[in-house]
Every structure is written in C-alpha cells, then in structure tokens.
2 protein chains.
Amino acid sequence: MPAPVQKRSQRTRARLLAAAEALVERSGFDALRVEEIVLSAGVAKGTFFAHFADKDALMDELIGARLDAHIDALQDLPPPGDVGDLVDRLMPMLTFMSCERYVFDVILRRSGAAAIEEIGPIARTFYRQGEIVIPWIASGPFRKDVPPDVLAEGIQAFAMQVIALRFCALHAAQGIAEPLKRYLSAWLLAPQAR
Amino acid sequence: MPAPVQKRSQRTRARLLAAAEALVERSGFDALRVEEIVLSAGVAKGTFFAHFADKDALMDELIGARLDAHIDALQDLPPPGDVGDLVDRLMPMLTFMSCERYVFDVILRRSGAAAIEEIGPIARTFYRQGEIVIPWIASGPFRKDVPPDVLAEGIQAFAMQVIALRFCALHAAQGIAEPLKRYLSAWLLAPQAR
DNA sequence: ATTTCATATTGACCGCGGTCATCTTTTGGG
DNA sequence: CCCAAAAGATGACCGCGGTCAATATGAAAT
C-alpha cells in the first residue's frame with residue numbers, strides 16, 4: 001500500500017484486483033472471500049494484506065471504480081430541467097449502490113474519508129459527485145436561498161436515506177426514484193414554485 | 001427468541017443481558033465479545049445464540065434501550081420554538097449515537113426493520129421519534145408546504161448525514177449541532193422566514 | 001560476480017462470530 | 001409418581017478475516 005516500488009509488486013496487486021473482479025462478476029460482492037481471491041491469483045493470503053489494509057479497502061477499490069464510471073457519464077451534461085430530470089440522472093448510480101445490502105454497507109462505511117491524506121475511491125466519488133451537481137443546482141431552476149453546496153449535500157443525504165429505507169421490508173415495495181423525487185422536490189424548490 | 005416459554009430461559013436471557021450491560025459499562029460497546037458475555041454469565045456459547053439471532057441482535061437490544069431512554073425524555077414537551085431549540089432537544093440522543101463508530105454502524109444496520117413482523121428496538125425508536133417530532137413540526141413555526149411526516153423523515157436523514165460526516169477526519173473538528181442547525185434551517189423553514 | 005539491504009512473499013497461526021448434534025431439564029398427561 | 005415429548009443448554013467445531021516472524025527476491029553498491 002505505501003507506494004509500491006517494485007514492478008513485481010504492481011503485477012501482484014493487479015492480479016489480485018483482476019481475480020477479485022472476476023469472482024465478483026461470477027457471484028457478486030457479498031460472496032467474495034479473500035481466500036478465493038488469493039487462490040485464484042496464485043498468491044499467499046498474507047500477500048493480500050500486504051496490498052490492501054483489509055478486505056474493505058479492496059471493496060473500496062472495486063466499488064469505487066464502478067461509481068466512478070457512473071459519475072463519468074454525468075460529466076459535461078447541461079443542468080437538469082427539473083427535479084425529475086435530476087433524479088433520473090442519478091438513478092443508475094443509486095441503483096448500483098442498492099444492488100446488494102453489502103455494497104451499500106461498504107459505501108456507508110467508506111463514504112467518509114478515514115484520514116485527510118488517505119481518501120479512498122468511494123469517498124472521492126462522493127466529492128466528484130458534488131463537483132458536478134453543485135453547478136447544476138446553481139444554474140438550474142432550484143431555490144437560491146440556500147447555497148448550492150449545501151443543497152448538494154442534502155441530495156446525498158436523502159439518497160442515502162431512500163436506499164436505507166429500501167432495505168427494510170416495510171419500504172422495499174416502493175422503489176427508489178419516487179420517494180427520492182418527493183424528498184428532493186421539498187428540498188430543492190422554493191415553496192412558491194411547488 | 002421465538003417466544004421464551006420457560007422461566008429458566010427468561011432467567012438465562014436476563015443474565016446474558018446483565019452481563020453484557022456490565023461489560024459495556026466497563027469497556028464500551030466496541031470491545032464487547034460474545035465469549036466474555038457467556039463466560040461472565042456462566043453459560044455456554046451456544047446458549048447465547050439460542051437467545052439472540054446474532055451479536056447485532058444483542059446490540060440492538062442494548063443500544064435500543066438507551067435510545068428509548070432519550071426518547072422518553074422528549075415525551076410531553078411543547079413544540080420547540082425554533083430550529084435551534086429542536087436541535088438542542090435532539091442533541092443528547094445524537095451524542096450517544098455518535099459516541100462510538102461501532103454504535104453508529106449498528107444503528108445504521110438496524111434502523112430499518114429487518115422484517116415486517118420483527119421490528120427491532122432500534123427501528124422502533126426511530127418510529128417513536130417520528131411520533132413525537134411530527135406533532136412538533138405540525139404545530140411549531142415551520143414550513144407548511146411539506147407534510148410534517150416528510151419533514152420529520154428529513155430530520156432523521158440529516159441527522160444521520162451529520163453523524164456520518166463527523167466520523168471523517170475532515171469533518172471531525174466541527175461538532176454535530178452546528179452543521180445540523182444549518183441543514184435544518186434550510187429544510188424546515190420557508191425561504192421568506194429565514 | 002558477490003555482497004548487502006530494502007522490498008515482497010509466505011503460510012502457520014490467531015481471534016471471534018456463529019453452528020449443530022448431543023445431552024439435560026422441564027412440563028404435562030396417564 | 002413415572003415417562004415421553006418439548007424446550008433449553010452444551011461445547012467441540014467451522015468459516016473467514018487478519019497477523020507476523022521467517023524466508024525469498026529484487027536492485028543498488030563494490
């Protein structure tokens with residue numbers, strides 16, 4: 001982890017990531033086992049933990065990569081025309097975030113930086129999402145009495161809330177988009193505009 | 001767990017809870033080990049899991065009890081005069097929720113019901129909190145263009161957001177109350193009133 | 001080439017949550 | 001009072017994440 005210097009080390013790390021990716025492809029994130037990864041990559045167990053602080057750090061990498069791809073797709077779009085637009089754009093990412101309970105748990109644990117210097121991939125995607133959404137909010141048809149960065153943080157808070165509720169049997173029936181649109185209409189629009 | 005019938009069973013369960021409580025008192029929630037609990041309670045390990053589905057279920061019980069005490073303190077109060085009042089009332093509970101990272105993790109996992117029939121203590125406290133806060137919102141000086149139950153859910157979302165941010169090194173410095181007041185001022189007040 | 005030292009790798013081992021076949025105790029019916 | 005069935009308790013065992021002293025391998029210095 002602390003700056004891999006030898007190229008052998010880089011290859012090993014790449015093999016571990018590739019093996020993990022393949023296993024996830026086959027049976028999902030929740031079923032991923034460190035033992036299977038090292039077996040498939042042909043290295044010893046200890047080697048894994050020489051490259052990743054713990055299993056969560058690997059998940060951070062894998063999940064962060066997918067989130068990043070979703071964020072990339074949002075880049076360079078014009079501001080959304082209304083709340084429905086906004087939610088529709090976020091939906092692919094939110095759907096992935098809620099594809100497995102375990103995935104959402106990892107995201108919750110990792111969405112904040114563990115330390116100032118070492119911000120993980122997932123935490124970085126939250127930051128990137130802000131960078132994209134804030135200008136949208138600022139130039140779109142949304143309330144102006146609250147700073148756009150605060151509104152953007154609120155969007156993340158409500159998104160997490162909706163996903164969390166989705167994992168309860170009580171709320172599993174309704175999807176993510178509808179409740180989120182309800183929340184964000186209240187959050188992003190000035191009363192007279194609603 | 002499925003309706004304890006014999007009184008011997010009830011005593012064992014009570015001993016387990018008492019032992020766990022004592023251990024938490026001494027060294028906190030995070031350091032709690034099932035082995036220590038059963039050792040201290042004088043029962044076998046398997047017995048523990050005959051009374052609690054898993055360790056989380058016990059934590060649900062312990063943490064839920066403390067949350068309940070905080071909710072009790074809110075009962076029968078008049079509506080808060082403003083957002084600051086509201087946050088001040090919630091602070092004791094939020095402070096407990098953020099006393100340990102592990103405690104917050106358990107609350108996150110358990111705040112939704114696992115199944116319709118079996119709502120855990122923590123999920124129940126979230127419901128209770130709603131029952132108390134909704135009338136406050138409805139009769140207090142807050143915006144009326146959004147139903148009070150939606151506003152109450154938003155309060156919970158923002159509270160979780162603020163606590164989650166507190167566990168990041170980047171945001172640890174600022175407390176919980178100030179950021180929460182900022183969010184809730186934007187959430188609960190109509191623009192012209194701010 | 002040989003030595004040397006930082007860097008990588010190894011795998012036996014540990015901690016701890018959770019399981020289950022087996023044994024013990026309680027209870028209700030005769 | 002006795003006995004069978006249900007309820008409860010037991011502890012050896014397992015899965016899996018994570019550790020660490022020992023070992024191997026690269027690369028720079030002589």
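Chain A is the first sequence line, chain B the second, and so forth, proteins listed ahead of strands; every chain is numbered from 1.
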Quickly work out the [X] [atom1] to [N] [atom2] distance and round it to whole Å.
X     : N      : atom1 : atom2 : answer
A:E36 : D:dG15 : CD    : C1'   : 12 Å
B:E35 : C:dC14 : CD    : P     : 14 Å
B:K7  : C:dT25 : NZ    : C1'   : 13 Å
A:D56 : D:dC16 : CG    : P     : 17 Å
A:F48 : C:dA12 : CZ    : P     : 19 Å
B:Q10 : D:dA9  : CD    : P     : 11 Å
A:R15 : C:dA8  : CZ    : P     : 15 Å
B:F52 : D:dG8  : CZ    : C1'   : 15 Å

- Query: Does any N or O in the side chain of B:Q161 come within less than 3.5 Å of the main-chain N or O of A:Q156, such that one atom is a donor and the other an acceptor?
  - Reply: no
- Query: When you measure from the side chain of A:T95 to the backbone N and O of A:M91, does any donor-acceptor pair fall under 3.5 Å?
  - Reply: yes
So what does [X] touch, heavy atoms closer than 4.0 Å: a base, only the sugar-phosphate, or nothing?
X     : answer
A:L32 : sugar-phosphate
B:I37 : nothing
A:K55 : sugar-phosphate

- Message: Angle between ring planes, B:W187 versus A:F158, binned at 30° and 60°: parallel, tilted or perpendicular?
- Response: tilted
If you check the [X] side chain, which of [options] turns out closest?
X     : options                : answer
A:F49 : D:dG18, C:dT27, C:dG17 : D:dG18
B:K45 : C:dG18, D:dT10, C:dT7  : C:dG18
B:V34 : C:dG17, D:dT10, D:dG8  : C:dG17
B:Q6  : D:dG17, C:dT26, C:dT10 : C:dT26
A:R8  : C:dG17, C:dT9, C:dT27  : C:dT9

Within the structure, does a side-chain N or O atom of [X] lie under 4.0 Å from either OP1 or OP2 of [N]?
X     : N     : value
B:T47 : D:dG8 : no
A:T12 : C:dA8 : no
B:S9  : D:dG8 : yes
A:H51 : C:dA8 : no

- Message: Tell me whether A:E131 at atom CD has more than 12 heavy atoms from other residues, nucleotides or ligands lying less than 6.0 Å away.
- Response: yes
- Per nearest nucleotide of DNA chain C, the residue lying toward the 5' end, A:V43 or B:R11, is A:V43
- Hey, which sits more toward the 5' end of DNA chain C by its nearest nucleotide, B:R33 or A:G46? A:G46
- Query: Is there a path of hydrophobic side-chain contacts, each under 4.5 Å between heavy atoms of I, L, V, M, F, W or Y residues, that connects B:I132 with B:Y127?
  - Reply: no
- Stepwise salt bridge (charged side-chain N to carboxylate O under 4.0 Å, His left out) check, A:K181 with A:D82: CA-CA 10 Å; A:K181 282 178 189 173; A:D82 57 22; over 6 Å; no
